[in-house]
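Note that these values count all heavy atoms, side chains included, but never hydrogens, waters or copies made by symmetry. On a predicted model such as this, the values are computed, not experimentally measured, just so you know. We name chains A, B, ... by the order of the sequence lines, and we start the count at 1 in each one.
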Number of protein chains: 2
Amino acid sequence: MIKCIRCKHVHAITKSGIVRGKQRYFCKDCNIYFTLPDETTVDMKHKKHMTTIVDIAKALNVSKSTVSRALHEHEDINPHTRAAVLKMARQLDYQPNLLAKSLVRSKSNTIGIIVPEFLTYFFPTIIMGAQQVAAEAGYNVIICQSQESYKTEVANANVLLANRVDGVLISMTRETKKFDHFKAFEKHGIPVVFFNRVCDEMDTSKVLVNDYEGALKAVEHLIKNGYRNIAHIGGPPALLITHNRLRGYKDALAKYKLPFKKELVVHCNLSKKDAIACAEQLLNLKQPPDAVFCVNDPVAIQLMLLAKKRKIKIPAELGIVGFSNEPSGEVIEPALTTVQQPVADIGRSAAGILLEAIAKGEAYVPEKKSLKTTLIVRESSIK
Amino acid sequence: MIKCIRCKHVHAITKSGIVRGKQRYFCKDCNIYFTLPDETTVDMKHKKHMTTIVDIAKALNVSKSTVSRALHEHEDINPHTRAAVLKMARQLDYQPNLLAKSLVRSKSNTIGIIVPEFLTYFFPTIIMGAQQVAAEAGYNVIICQSQESYKTEVANANVLLANRVDGVLISMTRETKKFDHFKAFEKHGIPVVFFNRVCDEMDTSKVLVNDYEGALKAVEHLIKNGYRNIAHIGGPPALLITHNRLRGYKDALAKYKLPFKKELVVHCNLSKKDAIACAEQLLNLKQPPDAVFCVNDPVAIQLMLLAKKRKIKIPAELGIVGFSNEPSGEVIEPALTTVQQPVADIGRSAAGILLEAIAKGEAYVPEKKSLKTTLIVRESSIK
DNA sequence: CTGAAAGCGCTAACAT
DNA sequence: ATGTTAGCGCTTTCAG
């Protein structure tokens, strides 16, 4: 709707020839000729318009569908036009607008990841693995940190929903008890794969490390090396890994007919401070343990540091085994025996399953995957 | 337009009653009755339609513009309609489609990050910092790993471009010599902030750690502690940090009138293998150093491990200072003196500057930020 | 205060 | 083989 530049009215306007490629108009009321201010020149520096398929189409005098087809190896396309389009696309520096594509396809080619934190090497490594697999399949990754807060986790879920991710990878906070924010994904047909900190209430794919087996092997190893009064520093009771590693610990004792002593099991919230507190609690026992299986390496290291400070000889007087094989365990003295988990594999595996689920849609059947652990024997556990 | 399920033609079709709530058709040509496969029932579970503003509008018998306005605290809106819309939105579990919003606003509220790798704690920590700041401002983050490959980096840049990110954070690969893929961002008015591995050729914001000063302090500390024959294991020559830390090393020597000896400087590509090779090279010297300033902690740790293996006393016979304060340095014995960089701050700072640039648009003036380092003195450098 | 309509860039029926 | 058209879900003039 063209308005007269003087009277601002729209009636009484007629086209009147073309001047320097621009349409000229005539207002019968005001009796003046005018052309519209060329907005493109203003735009030029303001925000360089990215070339679209329409630009290519115009340049080549074809329709945008033709351009779209040429760009997508559609079969019904003349090889010549195709070549011309491709050339022009390169020439104009065309970058497809994935937002538009996602909108019309109802598919964003993006997956979301929710992790509780990002500080230790653990989650970054998993994310890296997932990101690699995703990138290879042409998927982007949006990462959210729940910071171990249920509320944030709900917000994260909404962000991912609003961004219309095609699938989600989740490791829950330790305080998550309600799962509606996860179920919302399912409700919209968005597949979810849990890893590590999984949700039992939901019937989705899950990728876990075989914590039970890892713990069993670790404690068995201690027993075989002559330790008899073996303690366990576990994780937060809410976590499944805590449960499974504790179970492995118990079963190993049982297997070798060693008594289970309640006072030898303490739970740690995984903070450094609490780790030290737990270590103290154990070492202060009237009958202190001669070995400790720790829920993870950082905890094991705090224990070792404390023991060393107290001149307790490791491994002679105190055997220590950790879990997760973090870099620090390798350089500490004595080097820490630990249960290695295939961390990057967790991410790769989870992402792989998720992509499959996205591809299969309805047909997809949830799958539970349990990754193997390996006991890495170093010095801290060999009497 | 109903087609016969046999002859596929559209003429000769008539309606013929309703069966179980579904319209039945009759093809006069083929003489058969049929109903159309019920797509809605399939759809129901297939992909639950997410509610849109139109759904809300219909439910309330208002126009979608009204809904949009209600959802955005627009001023021209009746408080009652507003309340009704909000209520209905909640009721229908409305999640705005950010893809659509981004498309029409030409603003994705997403920033991209390109980092060379993701393995050490360094980049993940930076990303975490950046992600926090971004999330607080309502921005998502898309992360790309260039894997130290120029080609991948170019691909990464295109991915971000195609996703229409509003800004980009970059730490270059060590082999990047051409910068067209970065300049493409500028060309489209997408602000770029470099961090850590910055690009001198581009006039954009940069966030760096004051490597020079950190190195200077580190070497000065060694000198003050009585070391006189101080070596340096540097990083890959292509990196700026290598250059700056080396400069700090040299200037510290100069400041105390100590001679610079070429054979005491070796360059390491930062791989573990090469770190060991460099350490060996130095320790094998006819006149081995009595202290080494290392380009980073992992290298320092490899050196320490080798020295210990050779029964060289640390710090008595060999002082060692690292750079970056990685967790391992704290637990190794003797504990590693190191230069701490405010890693998460790099990410926070860079993201902050980027968001500001996005907000200011044209008006934005590039800014160079140099973050301070702190020398953390532990045992490995005190004779 | 509300509605109608245009359009962001793209895909995908449908038509030619 | 190519063009036309109708959206995807949303914001944003413009018109009441």
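- Between A:Ile142 and B:Val141, every side-chain heavy-atom pair lies at or beyond the 4.5 Å cut-off.
- Of the candidate nucleotides C:dC1, D:dT2, D:dC14, D:dT2 has the atom lying nearest to any side-chain atom of A:Arg69.
- At the heavy-atom level, A:Thr81 lies under 4.0 Å from the strands shown only through sugar-phosphate atoms.
- Between the NZ atom of B:Lys58 and the P atom of C:dG3 there is a distance of 15 Å, given to the nearest Å.
- The side chain of B:Ser68 contributes an N or O atom lying less than 4.0 Å from OP1 or OP2 of D:dT11.
- Residue B:Asp76 contributes atom CG, which lies 13 Å from atom P of D:dT13 at whole-angstrom precision.
- Ranking D:dT2, D:dG7, C:dA6 by closeness to the A:Ile77 side chain, first place goes to D:dT2.
- What separates CZ of A:Arg82 from C1' of D:dT2 is a distance of 16 Å, to the nearest Å.
- Following rounding to the nearest Å, B:Asp55 (CG) and D:dC8 (P) show an atom-to-atom distance of 11 Å.
- Whole-Å rounding puts the A:Glu73 CD to C:dT11 C1' distance at 16 Å.
- Donor-acceptor pairing under 3.5 Å, judged by distance alone, is absent between the side chain of B:Arg164 and the base of C:dG9.
- Projected onto DNA chain C by closest heavy-atom contact, B:Val62 and B:Leu103 fall at different nucleotides, the more 5' of which corresponds to B:Val62.
- Atom C1' of nucleotide D:dC8 and atom CG of A:Leu98 are separated by 15 Å, given to the nearest angstrom.
- DNA chain D is contacted by both A:Ser63 and B:Leu71; A:Ser63 maps to the nucleotide lying nearer its 5′ end (nearest heavy atom per residue).
- Residue A:Glu75 is the one, among A:Glu75 and B:Lys64, whose nearest nucleotide of DNA chain D lies closer to the 5' end (criterion: closest heavy atom).
- Counting heavy atoms from C-beta on, the side chains of A:Val168 and A:Val193 never come closer than 4.5 Å.
- Separating the CZ atom in A:Phe179 from the CE atom in A:Met202 is a distance of 9.0 Å, to the nearest 0.5 Å.
- Checking D:dC10, D:dG9, C:dC10 against every side-chain atom of A:Tyr94, the shortest atom distance belongs to C:dC10.
- Nearest to the side chain of B:Asn78, among C:dC1, D:dT2, D:dT11, sits C:dC1.
- If you take CZ of B:Arg105 and P of D:dT13, they are 10 Å apart, rounded to a whole angstrom.
- The side chain of B:Asn97 lies closest to D:dG9 when the candidates are C:dG3, D:dG9, D:dT5.
- Among the nucleotides C:dG3, D:dA1, D:dT5, the one closest to any side-chain atom of A:Ser65 is D:dT5.
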Inset, instruction - Take A:Thr176 and A:Glu153 through the test side chain to side chain donor-acceptor pair (under 3.5 Å) and record every step on the way to the result. - result: CA-CA 8 Å; A:Thr176 303; A:Glu153 196 178 58; 2.6 Å; yes
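- Rounding to the nearest 0.5 angstrom, the gap separating the CG atom in B:Leu160 from the CG atom in B:Asn156 is 6.5 Å.
- Taking atom NE2 of B:His72 as the reference point, atom C1' of C:dT2 lies 17 Å away to the nearest angstrom.
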